[in-house]
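Everything below concerns the one structure shown next.
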Amino acid sequence: MPEPVTAVEVAVPRPVWRTYTYLMPREMAGGTLEGCRVEVPFGRERLRGWIWDRAKAPSGIDLKYVESRLDSVPLVPPSVLALVRWAADYYAAPPGMMLASAFPAASGIRMSVRATGRPAPDGPPPMGLIGSSFVPVDDLLPGFPSRSILMSQLSELEAAGHLESRFEPARRRVDRQSLMVVPALPPDELAGMAVRLRRRARAQASILEILSRSSERVLLGSLLREADASRASLEALVKAGAATIRPAEPAAAPDSAGLLAGRVVESLEPGQDEALDRISRADGGVFLLHGVTGSGKTEVYLRAIADSISKGRQAVVLVPEISLTPQLMARFESRFPGRVAVMHSALSPSERTRAWCDLSSGERSIAIGPRSAVFAPLRRVGMIIVDEEHDPSYKQQELPRYNARDLAVIRGSVEGVPVVLGSATPSLESWGNASSGRYGLLTLPSRIGSRPMPEVRAAVPPRSDCEPPPVPAEMVEELAKNHEAGGQAILLLNRRGFSPSRICRSCGRRETCPDCGISPTFHSRGGILRCHHCGWWIKAPVRCPGCGGGSFRTDGPGVQKVEAFLAKALPGLRVMRMDRDTVSSPGANWEILARFARREADVLLGTQMVAKGHDFPGVTLVGILAADLALAFPDFRASERAFQLVMQAAGRAGRGEIPGRVLVETSDPNAFAAAMAQDYASFLASELPVRKLLGYPPFGHLVRFVWSGPDERRVAESARRTMAGLEVEPAVRFLPPAPAILQRLRGRWRYSALARSARRPALRRLIPSVRDSFEKTSPKGVQLDVDVDPVDLL
DNA sequence: AGCACGCCGACT
DNA sequence: GTCGGCGTGCTC
Ligand SMILES: [Zn+2]
Ligand SMILES: [Zn+2]
């Protein structure tokens with residue numbers, strides 16, 4: 001006899017590592033349940049969650065009922081649902097949070113259904129209302145006792161093959177004018193105002209503070225989001241004369257002709273040809289495409305995708321967010337007109353919904369986007385590309401932690417399609433997989449058109465006792481010469497602000513972030529000290545709070561110091577700065593890049609984002625300042641990152657007809673020998689032995705545990721108790737917890753412990769036992785974070 | 001993460 | 001006497 005109710009496990013979008021059991025009346029539990037959204041009572045809240053599974057048996061007493069069922073079938077295709085399950089398990093992430101990452105913010109999406117033509121003679125009632133053209137399910141609602149029951153019946157019909165469904169934007173496209181906010185006062189006045197308002201009007205202060213450091217104008221929506229402020233707070237500031245609001249100029253439609261000037265579709269070099277051939281013939285598997293910058297990796301991607309499209313399949317292309325520029329989009333769009341959907345965080349909610357629906361319905365067949373695009377709702381994927389596969393931005397650094405590059409590989413195997421991981425500087429993990437034969441290795445050894453690799457030289461850092469110039473004399477000369485010869489230059493210094501700290505000349509005091517315990521960076525714009533870990537800031541004191549002295553020095557370079565220095569040293573050069581402070585929102589870098597490409601500046605100066613994959617034919621000189629900083633970074637990946645940074649930056653030089661030169665400022669040229677020779681093999685030769693010795697990737701796998709909380713002693717105690725009595729398999733090396741490198745972050749003390757093993761299953765078994773032990777020792781005010789395959793150990 | 005319950009300081 | 005601070009604990 002059938003039960004009158006069905007029990008289901010529901011995942012809720014909360015940081016909880018379990019699902020909850022609910023009951024559903026049979027009449028709403030028909031057809032496919034897994035992945036459907038439901039509304040459930042949760043504590044005193046009402047939440048929208050997802051059915052994760054059918055429950056074993058309604059064992060618990062006092063189960064609550066699902067209030068309503070929102071879908072007949074999951075919004076995402078089965079492959080994506082499978083990917084989410086795998087990811088939640090592998091990364092030990094809360095299932096509901098992983099689902100939330102993979103699903104669209106669903107407001108604004110509606111479902112329509114139509115009959116497939118297969119007759120359903122005794123079908124349930126909705127069938128009579130559904131013809132061969134799509135009808136919105138909302139229109140069917142009136143004849144039914146509840147949405148839940150309609151969904152249940154539609155689900156049964158679809159499972160039996162009588163129906164198919166489609167998702168589309170609920171509203172007609174309304175091109176609402178987006179608004180820009182323009183500062184109306186100089187930055188230091190804005191900052192001053194912010195200080196005065198801090199107590200009385202937090203939201204206004206926070207808006208002012210953002211405006212004070214953004215160079216020109218910001219999108220109203222993203223400003224309010226970042227400031228966590230309301231429109232009313234902004235209007236108050238407009239009234240006070242601090243800012244004005246004006247409509248944005250219509251987004252320049254990607255002008256393919258202009259953006260693609262000088263780009264001819266050439267015939268393939270032999271290396272490209274062979275790579276493409278192997279990819280196209282594969283019916284699955286992973287390829288590592290290792291090609292130096294300028295070797296034509298993108299052309300290989302484009303042709304591999306074209307091949308897939310010609311077979312009636314679709315493609316997912318992952319690109320680091322910072323490299324997702326109009327230039328790149330235009331290149332794809334011109335190759336595949338009308339088929340490309342970009343999933344970018346600069347999109348408005350309605351544009352995002354539109355892109356999502358177009359991919360879901362198959363109207364567009366190529367999804368391009370950053371990390372989250374690995375969950376693109378394509379239903380007939382034939383090819384997955386991950387460009388710059390080594391890029392750390394593929395790893396999400398907050399819950400749910402996942403690495404989109406690795407999920408791409410899993411999605412490829414779920415869908416049974418090839419995955420191409422491309423890089424000029426492959427991660428050691430991918431290199432390891434290629435050399436063990438798990439991945440196919442495809443190599444593009446030279447630049448296309450036999451363009452020479454740039455010539456790379458070391459420059460000696462200036463020696464001086466107190467405040468040395470931030471740019472070596474040799475580099476100043478090169479910049480001048482390069483400018484005279486009509487070339488543009490890129491200058492990279494991977495450090496924001498004016499200087500990493502500001503010190504009292506008489507007593508040596510430097511300020512400290514109260515929440516992170518580190519010295520805040522001095523920003524000349526607005527004259528503020530800002531903590532880059534948490535965003536805390538103060539107006540830089542005029543008198544030293546320690547001794548009352550009024551004279552300060554700075555102790556090292558930042559891009560702003562370089563900017564100020566160049567203005568004096570080379571007044572004839574037009575310098576454009578690009579860093580987190582001038583690029584405050586996604587897409588804000590596009591305008592800077594476009595202006596530099598139009599040669600409205602001679603030098604593009606900035607942090608690592610200047611090195612990320614833009615083609616500027618006019619650039620004949622690249623300077624990397626204070627390269628030693630990258631090596632001094634306290635992390636096991638420092639050498640790898642330093643190598644990648646120098647290689648990537650060097651790759652920007654000589655993309656046009658004129659060969660390029662690269663200058664690397666370092667006091668230890670030997671340490672950069674591999675990068676300067678642009679020789680991946682010699683980088684491997686120096687780095688692999690170190691990794692092997694430590695048992696780090698690619699020779700071992702890592703899982704990192706971080707205990708954190710506001711009370712240091714409790715955190716330390718919780719870490720100790722968690723570990724006490726924990727049984728660890730012999731295959732796993734588990735180092736005891738110790739204060740993390742970032743000992744305190746955002747007001748929380750941090751302890752971390754690292755587990756490593758060559759055997760992944762053993763490592764994975766460890767995670768639940770650690771979490772169990774943590775929960776049993778019932779810590780108050782302490783949180784445990786698990787980071788599988790960490791990209792850094794800070 | 002929310003959200004409420006709970007037990008101690010400064011307000012009408 | 002209450003209002004509210006956020007410490008603590010729970011959510012089927
Ligand atoms: Zn002092
Ligand atoms: Zn801080």
Side-chain angles (χ1 to χ4, degrees), chain A residues 3-26 28-29 33-70 84 87-88 91-103 105-107 148 199 202 225 228 372 396-402 514-515 534-535 706-719 721-722 745-750 768 771-787:
Chain A
E3 294 274 331
V5 294
T6 300
V8 289
E9 294 295 327
V10 173
V12 292
R14 289 276 182 274
V16 287
W17 280 260
R18 49 164 304 187
T19 54
Y20 293 86
T21 314
Y22 287 86
L23 300 174
M24 280 178 108
R26 260 297 152 95
M28 66 160 83
L33 288 176
E34 289 87 345
C36 287
R37 292 168 304 158
V38 288
E39 283 183 333
V40 293
F42 189 72
R44 275 148 288 257
E45 304 174 82
R46 187 162 182 265
L47 286 183
R48 185 170 286 195
W50 295 263
I51 298 178
W52 185 250
D53 221 341
R54 288 173 189 269
K56 313 279 168 288
S59 58
I61 24 157
D62 228 24
L63 295 179
K64 291 186 181 173
Y65 275 83
V66 166
E67 272 173 21
S68 73
R69 171 177 181 175
L70 303 177
V84 167
Y91 292 106
M97 296 188 79
M98 200 55 91
L99 282 157
S101 305
F103 276 68
S107 62
S148 304
R199 293 278 150 68
R202 185 213 56 85
R225 220 174 309 125
D228 188 25
S372 58
Q396 177 143 61
Q397 292 288 27
E398 54 189 30
L399 280 182
R401 296 172 193 276
Y402 66 92
D515 291 331
C534 70
V706 179
W707 292 259
S708 69
D711 180 4
E712 185 181 14
R713 286 173 58 195
R714 280 202 203 182
V715 172
E717 184 60 15
S718 163
R721 287 225 205 115
T722 304
L745 185 63
R746 298 167 187 273
R748 304 175 69 87
W749 293 88
R750 303 167 77 245
R771 192 167 284 288
D772 276 359
S773 171
F774 170 76
E775 266 153 26
K776 275 202 207 93
T777 49
S778 111
K780 285 163 218 126
V782 181
Q783 172 186 320
L784 174 66
D785 266 297
V786 181
D787 192 352

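Heavy atoms only: backbone and side chains are in, while hydrogens, waters and symmetry mates are out. To find a chain, count down the sequence lines: A is the first, B the second, and so on, and within it residues start at 1.
Regarding A:F42, its CZ atom lies at a distance of 13 Å from the P atom of C:dC10, rounded to whole Å. The distance from atom CG of A:L399 to atom C1' of B:dG2 is 15 Å, rounded to the nearest whole Å. In this entry the distance linking NZ of A:K56 with C1' of C:dC12 reads 14 Å, nearest Å. As a whole-Å value, the separation of A:R48 CZ from B:dA1 P is 22 Å. One interatomic measurement links the two molecules: CZ of A:R714 to C1' of C:dG9, which rounds to 13 Å at whole-angstrom precision. In this structure, the CG atom of A:L47 is 18 Å from the P atom of C:dC10, given to the nearest Å. A:Q783 places its CD atom 13 Å from the P atom of B:dG2, with the value rounded to the nearest Å. Put simply, CD1 on A:I51 is 14 Å from C1' on C:dC12, counting in whole angstrom units.
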Between the protein and nucleotides 3-8 of chain B, list every N/O to N/O distance that falls short of 3.5 Å.
none

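Residues that satisfy the ring-ring contact (aromatic ring centres under 6.0 Å, His included) test with A:Y20, not counting sequence neighbours, are A:F42. Annotation: salt bridge (Lys or Arg N to Asp or Glu O under 4.0 Å) contacts of A:D711 (sequence neighbours excluded): A:R714. By the salt bridge (Lys or Arg N to Asp or Glu O under 4.0 Å) test, A:D787 is found to be paired with A:K395, A:R401, residues two or more places apart in sequence or in another chain being considered. In this structure, the salt bridge (Lys or Arg N to Asp or Glu O under 4.0 Å) partners of A:R46, at least two apart in sequence or on a different chain, are A:E39, A:E67.
You'll find that the side chain of A:V16 is closest to C:dT11, out of C:dG9, C:dT11, C:dC12.
An OP1 or OP2 oxygen of C:dT8 is reached within less than 4.0 angstrom by no side-chain nitrogen or oxygen of A:K780.
Heavy-atom nearest nucleotides on DNA chain C were determined for A:G781 and for A:R18, and the one closer to the 5' end corresponds to A:G781.
Between A:V40 and A:K64, the closest side-chain pair of non-hydrogen atoms is not below 4.5 Å.
Residue contacts for A:Y22: at a heavy-atom cut-off of 4.0 Å it reaches the sugar-phosphate backbone alone, with no base atom in range. Residue A:P41 is in sugar-phosphate contact alone, with no base atom involved, counting any heavy-atom pair closer than 4.0 Å across all strands shown.
Listed by first and then second residue, the salt bridge (charged side-chain N to carboxylate O under 4.0 Å, His left out) pairs involving residues 6-18 of chain A are A:R14-A:E45 (not counting sequence neighbours).
No hydrogens or angles considered: a donor-acceptor pair under 3.5 Å links the side chains of A:S708 and A:R748.
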